[in-house]
Amino acid sequence: MICPSCGNLNLPGADWCQWCQLDLASIDLPAPHDRVERSLMLDPVSVLAPKPPVTLPADALLGLAVARMIDGGVGAILVTDSAGGLVGILTERDVLNKAPLGPGYERLRVGEYMTRDPETVGSSDTLAAALGKMAGGNYRHVPVLADDKPVGLIAVRDILAHINKLCRNPDA
């Protein structure tokens with residue numbers, strides 16, 4: 001990148017001009033090259049129209065949580081406190097990797113096996129921000145919050161379906 005202050009040619013991606021030390025990071029912002037990149041960089045999570053989350057309290061039984069996942073066709077349950085605030089997430093992975101799946105597992109408490117204080121996004125966060133959190137933490141599900149209360153849940157498959165729609169429909 002050419003420094004707008006001194007005209008020095010810098011390596012692509014350089015944070016500072018090697019000659020005059022101007023901050024280039026705030027100037028050299030990535031730009032989308034196609035509609036998929038544009039959507040990921042600019043569209044908010046709300047374009048995915050997240051479904052209302054399935055929620056349970058931490059003292060709910062694991063058997064009930066598994067039944068709700070199956071009935072709702074979801075891979076995660078959001079765990080809330082008495083005021084409706086998010087305290088955790090119980091995913092399929094949590095059940096399979098943490099819970100002892102022998103006789104009586106259904107009587108165990110959700111709070112013992114949930115992931116506490118999960119990463120979250122807001123409806124106005126970009127798809128790229130949500131995808132970055134998912135990739136960085138190796139998550140498949142991220143709760144969507146508004147006013148510190150869960151209003152939705154997005155899965156990586158929701159983002160993939162959105163990208164697929166953009167690729168298939170030239171008018172999208």
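The model shown is predicted, which means the values in this text are computed figures rather than measured ones.
Listed by first and then second residue, the side-chain hydrogen bond (donor to acceptor under 3.5 Å, both in side chains) pairs that reach into residues 78-91 are Thr91-Asp94, sequence neighbours excluded.
Under the side chain to side chain contact (heavy atoms under 4.5 Å, CB included) criterion, Leu160 pairs with no residue at all, not counting sequence neighbours. Partners of Glu112 under the side chain to side chain contact (heavy atoms under 4.5 Å, CB included) rule, at least two apart in sequence or in another chain, are Arg109. Scanning for side chain to side chain contact (heavy atoms under 4.5 Å, CB included) contacts around Asp34 gives Val36, Glu37, with sequence neighbours left out.
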Please set out all donor-acceptor pairs under 3.5 angstrom arising from side-chain atoms of residues 39-65, sequence neighbours excluded.
| residue | atom | partner | partner atom | Å |
| --- | --- | --- | --- | --- |
| Ser39 | OG | Asp43 | OD2 | 2.7 |
| Ser39 | OG | His162 | NE2 | 2.7 |

Name each donor-acceptor pair under 3.5 Å that joins a side chain in residues 124-144 to protein atoms two or more places apart or in another chain, with its distance.
| residue | atom | partner | partner atom | Å |
| --- | --- | --- | --- | --- |
| Asp125 | OD2 | Gly122 | N | 2.8 |
| Thr126 | OG1 | Ala129 | N | 3.1 |
| Lys133 | NZ | Thr120 | O | 2.7 |

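Put simply, Ile89 and Met69 are part of two different groups of oily side chains (I, L, V, M, F, W, Y) that touch within less than 4.5 Å, one to the next. Under a hydrophobic-cluster definition in which Ile, Leu, Val, Met, Phe, Trp and Tyr are linked whenever side-chain heavy atoms come within less than 4.5 Å, directly or via other members, Leu101 and Val66 are assigned to the same cluster. Note on Val79: it clusters hydrophobically with Leu96, by side-chain heavy-atom contacts below 4.5 Å among ILVMFWY residues.
In this structure, Asn8 CG and Gln21 CD are separated by 10.0 Å, a value rounded to the nearest 0.5 Å. With rounding to the nearest 0.5 angstrom, the CD1 atom of Ile77 is 9.0 Å from the CG atom of Leu153. Note that CG of Asp117 is 8.0 Å distant from CG of Leu86, once rounded to the nearest 0.5 Å. To the nearest 0.5 Å, the span separating CG on Leu9 from CE on Met1 amounts to 10.5 Å.
Residues Glu92 and Val74 share a closest heavy-atom pair of OE2-O, 4.4 Å. What you find for Gly7 and Ile2 is that their closest heavy atoms are O-CG2, 3.6 Å. Nearest heavy atoms, Cys6 versus Cys20: SG-SG, 3.8 Å.
Residue-environment remark: CG (Asn97) exceeds the threshold of 12 foreign heavy atoms within 6.0 Å. Under a cut-off of 6.0 angstrom, the local environment of CG in Asp148 is sparse, with at most 12 non-hydrogen atoms contributed by other residues, nucleotides or ligands.
The shortest distance between side-chain heavy atoms of Pro4 and Leu22 falls below 4.5 Å. Between Val95 and Tyr113 there is no side-chain heavy-atom pair separated by less than 4.5 Å. Side chains of Ser5 and Cys17 form no contact here, defined as non-hydrogen atoms less than 4.5 Å apart. Contact annotation: the side chain of Met114 approaches that of Val87 to within less than 4.5 Å [non-hydrogen atoms, C-beta and beyond].
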- Query: Given the rule in the side chain to side chain contact (heavy atoms under 4.5 Å, CB included) test, do Thr115 and Lys98 qualify, once you have shown the distances and angles that lead to the verdict?
  - Reply: CA-CA 10 Å; Thr115 299; Lys98 296 178 185 176; 3.4 Å; yes
- Task: Report the C-alpha separation of Trp16 and Leu24 in whole Å, then their side-chain angles, then the decisive distance to 0.1 Å, and conclude whether the side chain to side chain contact (heavy atoms under 4.5 Å, CB included) test is met.
- Result: CA-CA 5 Å; Trp16 302 94; Leu24 299 175; 5.8 Å; no
